[in-house]
Amino acid sequence: MTKVILTGAKGRMGQALVACAARLPGLSVVGQIDVGDALADVLDAGDVVIDFSFHSATAALAELCAERNKAIVIGTTGHSPADRARIEALQTRIPIVLATNFSTGVNTLFWLTRKAAEILGPNFDLEVVEMHHRLKKDAPSGTATTLVEILAQARGLQLESALRHGREGIVGERTAGEIGLHSLRGGDVVGDHTVIFAANGERVELTHKASSRETFANGALRAAQWLHGRAPGLYNMQDVLGLK
Ligand code: NAD
């Protein structure tokens, strides 16, 4: 039995996790933490914390897990580089799954994106478009950021100099070393991501559309069960799904 504690439990993902966990054998939710609650008060009752809260909250929650020797699955996105470094520093002490997207479909998209970039080569221009609901707080999405990281690595490009966040004004002709990234917001869209490979005469588009948060919730619960009892380290969903 894996005993989990949810941080961000009252949020959209938190509620999806509560609903999905109730249908999952071998796992029980023993704590639900949101703003105003103290994780320290319930932490001893759990094996794994699942965090879908807010970018500035995660690092402190993870440090508390390290102090008490608890595993943590992190789904929150939008961490600053400094907070990301604080989280990654804990990998020698506790097992951590850090994933910008827990859906099996998106992790397949990650794999296909790398393959397509390798096969299609430098004649294809690379652009990523994401769309999410109007209430999403960070942009671009963590998943889109992972996609451009994969593209930059596959092409041997420095992401910082290659990235173009939207375009406006007289920006000049597109250069070969660019990776475009565009965030759309509106309505109740759970999460759409498209990777475009555009060359003269043809275009390849890889698209994933999530229509329910259950896909992320079930993936995160699967990650929690996989992580329980594992050695300290920094893992991602590719590890959980055996895609590496
Ligand atoms: P949300 O705003 O609906 O919920 C966040 C919840 O966290 C709220 O209830 C808020 O009160 C709570 N919270 C804020 N600070 C907290 C703190 N210090 N301690 C405890 N709780 C705190 O947001 P959401 O749509 O559920 O998304 C949450 C996060 O998960 C976002 O960063 C989002 O981008 C990310 N997300 C990741 C995936 C994935 O697969 N990795 C999927 C969906 C969303």
Side-chain angles (χ1 to χ4, degrees), residues 4-21 29 31-43 46 48-65 70 72-80 83-84 86-87 96-110 130-147 149-150 181 183-193 208-224 226-227 234-241 243:
V4 303
I5 296 170
L6 308 176
T7 51
K10 290 184 181 160
R12 284 174 289 267
M13 277 304 302
Q15 289 303 293
L17 283 156
V18 170
C20 291
V29 176
Q32 298 188 33
I33 298 298
D34 207 282
V35 168
D37 306 318
L39 176 61
D41 291 348
V42 296
L43 191 49
V48 185
V49 170
I50 303 180
D51 174 59
F52 281 85
S53 60
F54 195 56
H55 63 87
S56 55
T58 305
L61 295 170
E63 282 164 356
L64 187 59
C65 288
K70 303 291 180 183
I72 183 166
V73 171
I74 300 172
T76 305
T77 60
H79 303 117
S80 67
D83 281 343
R84 174 86 183 230
R86 278 170 69 191
I87 295 163
I96 304 167
V97 170
L98 180 61
T100 55
N101 198 301
F102 283 92
S103 101
T104 307
V106 161
N107 281 276
T108 307
L109 175 67
F110 290 158
E130 57 106 338
M131 181 160 187
H132 283 81
H133 53 91
R134 66 166 74 94
L135 300 174
K136 184 165 175 63
K137 297 180 185 72
D138 56 317
S141 70
T143 304
T145 302
T146 301
L147 286 166
E149 285 169 1
I150 290 169
L181 177 46
S183 297
L184 317 183
R185 292 289 176 268
D188 62 355
V189 177
V190 173
D192 294 356
H193 293 88
H208 177 273
K209 296 187 179 190
S211 48
S212 159
R213 287 184 181 81
E214 286 197 5
T215 180
F216 309 129
N218 283 322
L221 293 167
R222 179 173 174 174
W226 181 88
L227 198 61
L234 185 64
Y235 307 100
N236 62 25
M237 204 52 192
Q238 309 271 307
D239 296 305
V240 176
L241 295 172
L243 288 174

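Counting convention: from 1, in listed order, for ligands and their atoms alike.
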When you look for heavy atoms under 4.0 Å from ligand 1, do you find them on the side chain of Ala99, its backbone, both, or neither?
-> backbone
Mode of Phe52 contact toward ligand 1 - side chain, backbone, both, neither (heavy atoms, under 4.0 Å) | both
Heavy atom under 4.0 Å from ligand 1: found in Asp138's side chain, backbone, both, or neither?
-> side chain
Look only at interatomic distance and state if Lys137 has a nitrogen or oxygen under 3.5 Å from any nitrogen or oxygen of ligand 1.
-> yes
Return a yes/no value for Asp34: is any of its N or O atoms, backbone included, closer than 3.5 angstrom to an N or O of ligand 1?
-> yes
Option among Thr146, Asp138, Thr145, Thr100 that satisfies the side chain to side chain donor-acceptor pair (under 3.5 Å) test with Thr77 | Asp138
Looking only at protein heavy atoms, identify the closest one to atom 33 (C) of ligand 1 and say how far it is in Å.
-> Thr77 OG1, 3.8 Å
Given the options Leu221, Val4, Val48, Ile96, Val73 meets side-chain contact (heavy atoms from CB on, under 4.5 Å) only with Val48
Among Lys209, Arg185, Lys136, find the residue that satisfies the salt bridge (charged side-chain N to carboxylate O under 4.0 Å, His left out) test when tested with Glu130.
-> Arg185
Mode of Lys136 contact toward ligand 1 - side chain, backbone, both, neither (heavy atoms, under 4.0 Å) = side chain
Min N/O separation Gly11 to ligand 1 under 3.5 Å = yes
Inspect the surroundings of CZ in Arg12 and state if more than 12 heavy atoms from other residues, nucleotides or ligands are less than 6.0 Å away.
-> yes
Output yes when the distance from some N or O of ligand 1 to some N or O of Thr100 is under 3.5 Å, and no in every other case.
-> yes
Find all atoms of ligand 1 within a distance of less than 4.0 Å from any non-hydrogen atom belonging to Ala57, and give their numbers and elements.
-> 17 (C), 18 (N)
Would Leu98 and Tyr235 satisfy side chain to side chain contact (heavy atoms under 4.5 Å, CB included), going step by step from the backbone distance to the final call?
-> CA-CA 6 Å; Leu98 180 61; Tyr235 307 100; over 6 Å; no
Using distance alone, decide if ligand 1 has a nitrogen or oxygen within less than 3.5 Å of any nitrogen or oxygen in Phe102.
-> yes
Taking distance alone, with no angle check, do Met13 and ligand 1 share an N/O pair under 3.5 Å?
-> yes
